[in-house]
Amino acid sequence: MFFKLEQTDTKSKARVGVVETDHGKIETPIFMPVGTQGTVKAVTQKALEEDIKAQIILGNTYHLYLRPGTELLEKAGGLHKFMNWKKPILTDSGGFQVYSLAKLRKMKEDGVEFSSHLDGSKHFFTPEKVIGIQRSIGSDIMMVLDECTPYPCDYDYAKKSMELTSRWAILNRKAFLETEPLYGHKQAQFGIIQGSVYKDLRMQSAFELGKLEFEGYAIGGLAVGEPADKMYEIVDFTTNVMPVDKPRYLMGVGRPENILEAISLGVDMFDCVMPTRNARNACLFTSNGVVSMKNAMYKDDFAPLDENCDCYCCKNFSRAYLRHLFVANEILALELASIHNLTFYLNLVTEARRRIKDGTFAEWKAERVITLSRNINSL
RNA sequence: GUGGGUGUAGCUCAGUUGGUUAGAGCGUCUGGUUGUGGCCCAGAAGGCCGUGGGUUCAAAUCCCAUCACUCACC
C-alpha cells in the first residue's frame with residue numbers, strides 16, 4: 001500500500017500517515033525542501049540528510065529537462081544517482097512554470113508551448129512528454145501536467161482552465177500507466193486539483209480526477225496572491241471532497257502558520273521555496289517569529305539565532321556572525337541560513353505530527369500560528 | 001617651480017545658455033518575497049556643491065583668491 005492513514009485528530013481534520021516508496025517512507029504531515037535543479041540551493045545532501053533530516057525533496061521537470069536534459073539524466077542512471085540522494089524525490093511537472101513564466105508560453109489544447117528562459121529555444125510540453133521526462137528523472141512521485149491559474153481569475157477562465165487540466169489528467173494517467181520506470185524502483189503519480197477560488201469547480205475537478213485513481217492528490221492554484229483566509233476556505237472545502245485514503249499535497253505552501261492551518265484542514269504534504277529563498281535573503285524563521293538577519297540591531301548580538309533550535313547554525317554560531325556573513329555577502333551565510341530555515345520547517349511538521357498523535361495539536365496550533373507570524377524586529 | 005585638469009551624498013559620477021525643494025547608480029537603513037533564476041520589488045535616511053570673497057533680483061554654474069588631489073614639463 002502506497003499510503004497508510006494512521007490517525008486523525010479528534011478536534012480538527014489533521015491527520016498522520018505514512019507514504020511508502022522504494023527509497024524509504026515519508027511520515028506525514030511533511031514538508032519537502034525544494035531542489036528545483038537537482039540541488040536544494042546552498043545545502044549539501046549530507047546536511048539535508050543529517051542536519052535537516054529531510055525525508056523527501058523536490059525536483060522540477062521543466063528545469064531539469066532544460067538542464068542538464070533527459071539524455072544526461074538517463075546516462076547518470078536517474079536523478080537519485082546523479083545527485084547522490086537516496087531518499088524519495090517528488091518532481092513538479094512544469095505546470096507552475098506555465099504560470100510563473102507566462103510571458104514565454106502559449107497554451108494549446110494538446111499542451112503548452114514555451115520559450116526556454118535560458119536560451120529562448122522553443123519547446124512543447126504535452127502530458128505524455130512530461131511523464132516521459134519524469135521517467136527519465138526517476139522521481140518517486142511525479143506530478144501531472146496542469147495549468148495553474150493566477151489570482152484573481154474570473155470564473156469562466158478558471159472553469160475552462162480546470163476542464164483543460166482535467167482532460168490533460170486523463171492523458172497524464174494513461175501515459176503513466178502505459179510506461180514503465182527506467183531504474184527498477186516504483187514511481188507514483190499525483191493528480192492536481194484546480195478550480196481557483198470557486199468551490200463548484202474544485203468539487204468538479206476533485207471528482208473527475210478521483211475517477212483516475214491517482215496514488216495521491218494535490219491542491220494546485222493556491223498561494224498565488226489570494227488572501228490567506230480565502231486559501232484556507234478553499235483548502236477546507238477541497239479536502240472534504242478529496243479521497244481520505246490518499247495523501248494530500250498543498251502545492252507551494254507556505255509560511256509556517258499557513259502550513260499549520262492547512263495541516264488542521266487535513267493536508268499531509270507541503271513544499272515551498274520560502275525557507276530556502278528567504279534564507280538567502282537573510283529572512284529567517286524562528287520559534288518566536290520572523291527575523292531579518294541583516295538588520296543593524298544584530299551587529300553585536302552574540303546570542304544564537306533561535307535558542308529553542310537545535311540546528312547546526314543555532315548550536316554553533318551567533319546572530320552577529322550570521323549578520324556579518326550576510327553583510328559581507330559570504331557564501332556561508334546562505335548555507336547556514338538555509339540549514340536553519342529548513343530544519344525549522346522540518347521540526348515544525350515533526351512537532352505537529354507528535355501533537356496530532358497525542359491529541360494536543362489544536363491547542364498547540366492556535367498558539368503557534370500567532371507567534372510564528374510576527375516579525376521579531378518590530379516587537 | 002611652470003602649465004593643465006579635477007573638487008557635488010559613504011563611493012563613482014550627472015547637473016543644459018545662471019532660474020522652484022541639487023539628482024542617478026552602487027552602498028547604508030527598513031519592509032516584502034508561497035509548485036525557486038543567489039532573483040526581484042517597495043520605502044527611507046544621507047549634501048554649507050573644497051574654502052573665502054565678489055558680480056547678480058537669483059550662483060553648484062560667472063569672476064578673483066586660496067587649499068587639496070592629479071597629470072605633463074623643467
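Worth knowing before you read on, the calculation uses all heavy atoms, side chains too, and leaves out hydrogens, waters and symmetry mates. For clarity, every value in this text was computed on a predicted model and none was experimentally measured. Just so it is clear: chains get the letters A, B, ... in the order the sequence lines come, proteins before strands, and each one is counted from 1.
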Would you please say whether a donor-acceptor pair under 3.5 Å links the side chains of [X] and [Y]?
X	Y	value
A:Asp200	A:Tyr155	yes
A:Glu147	A:Thr165	no
A:Asn60	A:Thr36	no
A:Arg15	A:Gln7	no
A:Asn347	A:Lys53	no

For [X] and [N], what is the distance between atoms [atom1] and [atom2] respectively, to the nearest whole Å?
X	N	atom1	atom2	value
A:Leu336	B:rG38	CG	C1'	15 Å
A:Phe114	B:rG37	CZ	P	13 Å
A:Leu90	B:rU36	CG	C1'	15 Å
A:Gln97	B:rG37	CD	P	7 Å
A:Met293	B:rG31	CE	P	12 Å
A:Asn341	B:rU34	CG	P	15 Å
A:Asp92	B:rU34	CG	P	15 Å
A:His117	B:rC40	NE2	C1'	15 Å

Once salt bridge (charged side-chain N to carboxylate O under 4.0 Å, His left out) is applied, do any residues pair with A:Glu208, and if so which ones, sequence neighbours excluded? none
A:Lys11: partners by salt bridge (charged side-chain N to carboxylate O under 4.0 Å, His left out), with sequence neighbours left out: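 For A:Lys11, the residues satisfying salt bridge (charged side-chain N to carboxylate O under 4.0 Å, His left out) (neighbours in sequence not counted) are A:Glu363.
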Salt-bridged, [X] to [Y], with N to O below 4.0 Å?
X	Y	result
A:Glu261	A:Lys365	yes
A:Glu163	A:Lys160	no
A:Arg173	A:Glu213	no

Identify whether any heavy atom of [X] sits under 4.0 Å from a base atom; if not, whether one sits that close to sugar-phosphate; answer base, sugar-phosphate or nothing.
X	value
A:Ile192	base
A:Gln194	base
A:Gly94	nothing

Contacts of A:His23 meeting ring-ring contact (aromatic ring centres under 6.0 Å, His included) (sequence neighbours excluded), chain-then-number -> A:His80, A:His185
Tell me, please, which residues at least two apart from A:Phe214 pass ring-ring contact (aromatic ring centres under 6.0 Å, His included). A:Tyr217
In whole angstrom, give me the gap between the [atom1] atoms of [N] and [M].
N	M	atom1	result
B:rU70	B:rU55	C1'	31 Å
B:rC29	B:rC67	P	40 Å
B:rG4	B:rG38	C1'	47 Å
B:rU61	B:rG53	P	14 Å
B:rU56	B:rG50	P	23 Å
B:rG5	B:rG18	C1'	23 Å
B:rC40	B:rC11	P	26 Å
B:rG47	B:rG1	P	37 Å

Look only at the side chain of A:Lys13 and the backbone of A:Asp236, and say whether a donor-acceptor pair between them is shorter than 3.5 Å. yes
Selection: residues 141-154 of chain A, any non-hydrogen atom under 4.0 Å of RNA chain B: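 Only A:Asp146, A:Cys148 qualify.
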Which of residues 244-282 of chain A have a heavy atom under 4.0 Å from RNA chain B?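 Heavy-atom contacts with RNA chain B come from A:Met251, A:Gly252, A:Val253, A:Gly254, A:Arg255, A:Asn258, A:Asp271, A:Cys272, A:Val273, A:Met274, A:Thr276, A:Arg277, A:Asn278, A:Arg280, A:Asn281.
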Are side-chain heavy atoms of A:Ile131 and A:Gln134 found at a separation under 4.5 Å?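 A side-chain contact exists here, since the closest heavy-atom pair is under 4.5 Å.
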Is the closest side-chain heavy-atom distance between A:Thr149 and A:Ser161 below 4.5 Å?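 Counting from C-beta outward, A:Thr149 and A:Ser161 do come under 4.5 Å.
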Show me the donor-acceptor pairs, under 3.5 Å and distance only, between side chains in residues 293-304 of chain A and residues at least two apart or in other chains.
unit_1: A:Tyr298; atom_1: OH; unit_2: A:Asn377; atom_2: OD1; d: 2.6
unit_1: A:Asp301; atom_1: OD1; unit_2: A:Ala303; atom_2: N; d: 3.1
unit_1: A:Asp301; atom_1: OD2; unit_2: A:Arg319; atom_2: NH1; d: 3.0

Extract from the structure each pairing of a protein N or O with an N or O of nucleotides 42-46 of chain B at less than 3.5 Å, listing the distance.
none

With a 4.0 Å cutoff (strictly under), does any side-chain N or O of [X] reach OP1 or OP2 of [N]?
X	N	answer
A:His63	B:rU36	no
A:Ser292	B:rG31	yes
A:Lys41	B:rG38	yes
A:Asn60	B:rU36	yes

Listed by chain and number, what are the side-chain hydrogen bond (donor to acceptor under 3.5 Å, both in side chains) partners of A:Asp9, not counting sequence neighbours?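 For A:Asp9, the residues satisfying side-chain hydrogen bond (donor to acceptor under 3.5 Å, both in side chains) (neighbours in sequence not counted) are A:Ser12.
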Are any protein N/O atoms closer than 3.5 Å to N/O atoms in nucleotides 25-29 of chain B? If there are, list each pair with its distance.
unit_1: B:rC29; atom_1: OP1; unit_2: A:Arg323; atom_2: NH2; d: 2.4

For RNA chain B, which ranges pair as stems of 3 or more consecutive Watson-Crick or G-U pairs, with both donor-acceptor distances under 3.5 Å? B:1-7 with B:67-73, B:10-13 with B:23-26, B:28-32 with B:40-44, B:50-54 with B:62-66
Under 3.5 Å, sequence neighbours excluded: what are the donor-acceptor pairs made by side chains of residues 174-181 of chain A?
unit_1: A:Thr179; atom_1: OG1; unit_2: A:Arg135; atom_2: NE; d: 2.9
unit_1: A:Thr179; atom_1: OG1; unit_2: A:Arg135; atom_2: NH2; d: 3.2
unit_1: A:Thr179; atom_1: OG1; unit_2: A:Ala175; atom_2: O; d: 2.8
unit_1: A:Thr179; atom_1: OG1; unit_2: A:Phe176; atom_2: O; d: 3.4

